[in-house]
Peer 1: 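The structure under discussion is supplied below as structure tokens; questions concerning it will follow.
We use all heavy atoms of the structure for the numbers below, so side chains are in, but hydrogens, waters and symmetry mates are not. Not measured: the values here are computed from a predicted model.
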Amino acid sequence: MNIHAKAALLAASATLVLSAGAALAKDAPKIGVSFQEMNNPYFIVMNEEVTAFAKLLGDNTEVYVADARHDVSKQLSDIEDMVSKGVNILVVNPTDSEGVRSAVEAAKEKGVTVVSVDAQAAGVDSFVGSKNYDAGVLACDAMVKEIGGKGEVAILDGIAVVPILERVRGCKDALAKAPDVKLVDIQNGRQERDISVGVAENMMQSHPDLKGIFSVNDGGAMGVLAAIEGSGKDVVLTSVDGAPEAVKAIAAGTAFKATAAQFPRDQMRIGLAIALAKYMGAHVPAVIPIDVELVDKSNAETFAW
């Protein structure tokens, strides 16, 4: 989706929400939102949009928000609880794309409109998320450029949801275009800063000639950055998300050179609007892809979610 198409979709979404807010003033739908985690600025920004959306629909709009804390069993329980409370619209940010299927199907059997954002969830009515393959390509093209097209590199992997798998696939394809770049290690940092520090330290100890690390998210990347700075080594770091802390590190000229930025506010705005459209009887697309944008030293000082 190019910038003009995205702007048009956001404008249409805003019009739909405002008109629906008036039409549903006395009978606003109950909304449930299940996040894979909320200890992350990315999802905090999304949750801000949930609150803003509910205000647009009216003061009597009921919203339930839950944090699965990366536990699929808890997410299943959270969704079941929301359905039992009578939600009409459910937005799922799954901790396991396939693992939430039973809860999604049970919700739909009750007549609930279900949309997933950021990560695909099996069985939903529609999915709104970033072009994660493109994000992996952008970030790893940048890493290859930063290391001069030569040397050993590694990937800091994450949980097995489709967006992470796609980022890794995109990165590998980008690396494959550089014959003098060798992928020597892939380890899982669970997308968490504290875990990623130790994983990155192990990578650099095992591969003393390592020149670059790609992290599947900025949270993990900040742990990698701490490990790089602690080691004193000249290792390039790139990632995905566009989180404020990562962008600040890029602007400051650290080893963190680039991140393929997502747009979490747009994803949640569009996801909620599409869910509302479906709830009101509209035919909606199964997938709405959102462009990503490379943030590096050239634009880091002006970029923001």
Peer 1: Check the pair Val236 / Ile213 against side chain to side chain contact (heavy atoms under 4.5 Å, CB included), numbers first and verdict last.
Peer 2: CA-CA 6 Å; Val236 165; Ile213 298 175; over 6 Å; no
Peer 1: Show the numbers, then the answer: is there a side chain to side chain contact (heavy atoms under 4.5 Å, CB included) between Ile89 and Val112?
Peer 2: CA-CA 6 Å; Ile89 289 172; Val112 179; 5.8 Å; no
Peer 1: Run the side-chain donor-acceptor check on residues 151-165: report pairs under 3.5 Å with partners two or more places apart or on a different chain.
Peer 2:
none

Peer 1: Tell me every residue that passes ring pair (Phe, Tyr, Trp, His ring centres under 6.0 Å) with Tyr64, counting only those two or more places apart in sequence or in another chain.
Peer 2: none
Peer 1: Rounded to the nearest 0.5 Å, what separation is found between the CG atom of Leu225 and the CZ atom of Phe256?
Peer 2: 7.5 Å
Peer 1: Taking salt bridge (Lys or Arg N to Asp or Glu O under 4.0 Å) as the test, write out the residues that go with Lys110, two or more places apart.
Peer 2: none
Peer 1: Show the atom names and distances, to 0.1 Å, of all donor-acceptor pairs under 3.5 Å that link a side chain in residues 169-176 to residues at least two apart or in another chain.
Peer 2:
{"residue": "Arg169", "atom": "NE", "partner": "Glu166", "partner atom": "OE2", "Å": "3.0"}
{"residue": "Arg169", "atom": "NH2", "partner": "Glu166", "partner atom": "OE1", "Å": "2.9"}
{"residue": "Asp173", "atom": "OD2", "partner": "Tyr133", "partner atom": "OH", "Å": "2.7"}

Peer 1: For residues 201-210, dump all side-chain donor-acceptor pairs below 3.5 Å to protein atoms at least two apart in sequence or in another chain.
Peer 2:
{"residue": "Asn202", "atom": "ND2", "partner": "Gly198", "partner atom": "O", "Å": "3.3"}
{"residue": "Ser206", "atom": "OG", "partner": "Asn202", "partner atom": "O", "Å": "2.9"}
{"residue": "His207", "atom": "NE2", "partner": "Asp185", "partner atom": "OD2", "Å": "3.4"}

Peer 1: Looking at residues at least two apart in the chain, or sitting in another chain, which of them share a salt bridge (Lys or Arg N to Asp or Glu O under 4.0 Å) with Asp81?
Peer 2: Lys85
Peer 1: To the closest 0.5 Å, what do you measure between NZ (Lys297) and OG1 (Thr254)?
Peer 2: 9.0 Å
Peer 1: Show the numbers, then the answer: is there a side chain to side chain contact (heavy atoms under 4.5 Å, CB included) between Val224 and Val235?
Peer 2: CA-CA 10 Å; Val224 176; Val235 178; over 6 Å; no
Peer 1: Is it true that the side chains of Gln75 and Ser34 contain a donor and an acceptor less than 3.5 Å apart?
Peer 2: yes
Peer 1: Between Glu105 and Lys108, does any side-chain N to carboxylate O distance fall below 4.0 Å?
Peer 2: no
Peer 1: Check whether the side chains of Ser130 and Gln267 place a donor and an acceptor atom closer than 3.5 Å, and report yes or no.
Peer 2: yes
Peer 1: To the nearest 0.5 angstrom, please state how far the CZ atom of Arg167 sits from the CG atom of Asn132.
Peer 2: 4.5 Å
Peer 1: Show every donor-acceptor pair shorter than 3.5 Å between a side-chain atom in residues 121-129 and any protein atom, with sequence neighbours excluded, or say none if there are none.
Peer 2:
{"residue": "Asp125", "atom": "OD2", "partner": "Val114", "partner atom": "N", "Å": "2.9"}
{"residue": "Ser126", "atom": "OG", "partner": "Pro285", "partner atom": "O", "Å": "2.6"}

Peer 1: Strictly below 4.0 Å, N to O, side chains only: are Lys145 and Asp141 in salt-bridge contact?
Peer 2: no
Peer 1: For the hydrophobic clusters of this structure (ILVMFWY residues joined by side-chain heavy atoms under 4.5 Å, transitively), does one cluster hold both Leu272 and Leu90?
Peer 2: no
Peer 1: Locate the shortest heavy-atom distance separating Ala273 from Phe53; write the atom from each residue and the value.
Peer 2: N-CE1, 4.0 Å
Peer 1: Using atom types as modelled and distance alone, determine if a side-chain donor or acceptor of Thr61 lies under 3.5 Å from a backbone N or O of Ala28.
Peer 2: no
Peer 1: Using the salt bridge (Lys or Arg N to Asp or Glu O under 4.0 Å) criterion, which residues pair with Asp134? Sequence neighbours excluded.
Peer 2: none
Peer 1: Do Val240 and Val144 land in one hydrophobic cluster if side-chain heavy atoms of ILVMFWY residues count as linked below 4.5 Å?
Peer 2: yes
Peer 1: Backbone N or O of Gly242 within a donor-acceptor pair of the Thr259 side chain at under 3.5 Å?
Peer 2: yes
Peer 1: Does Pro94 offer a backbone N or O that forms a donor-acceptor pair with the side chain of Gln36 under 3.5 Å?
Peer 2: yes
Peer 1: Under the criterion side chain to side chain contact (heavy atoms under 4.5 Å, CB included), I'd like the reasoning laid out for Asn217 against Tyr42: C-alpha separation, chi angles, the key distance, then a yes or no.
Peer 2: CA-CA 10 Å; Asn217 80 321; Tyr42 186 85; over 6 Å; no
Peer 1: Under the side-chain hydrogen bond (donor to acceptor under 3.5 Å, both in side chains) definition, can you give me all pairs with a residue in residues 235-252, not counting sequence neighbours?
Peer 2: Arg193-Glu245, Asp218-Ser239, Asp241-Gln262
Peer 1: Look up atom CE in Met46 and atom OG1 in Thr51, then write down how far apart they are to the nearest 0.5 Å.
Peer 2: 13.5 Å
Peer 1: Under the salt bridge (charged side-chain N to carboxylate O under 4.0 Å, His left out) rule, what pairs show up with a residue in residues 41-66, not counting sequence neighbours?
Peer 2: Glu48-Arg265, Glu49-Arg265, Glu49-Arg269
Peer 1: For the side chain of Asn40 and the backbone of Glu37, is there at least one donor-acceptor N/O pair under 3.5 Å apart?
Peer 2: no
Peer 1: State the CD-CG distance between Gln120 and Asp118, to the nearest 0.5 angstrom.
Peer 2: 9.0 Å
Peer 1: Once salt bridge (Lys or Arg N to Asp or Glu O under 4.0 Å) is applied, do any residues pair with Lys150, and if so which ones, sequence neighbours excluded?
Peer 2: none
Peer 1: Looking only at non-hydrogen atoms, find the nearest pair between Val65 and Val63 and report the distance.
Peer 2: CG2-CG1, 3.9 Å
Peer 1: Check for me, please, whether Ile228 and Val184 land in the same ILVMFWY cluster - side-chain distances under 4.5 Å, paths through other members count.
Peer 2: yes
Peer 1: Salt bridge (charged side-chain N to carboxylate O under 4.0 Å, His left out): which pairs involve residues 224-237, sequence neighbours left out?
Peer 2: none
Peer 1: Give, for atom CG of Asp266 and atom CD1 of Ile288, the distance between the pair rounded to the nearest 0.5 Å.
Peer 2: 12.0 Å
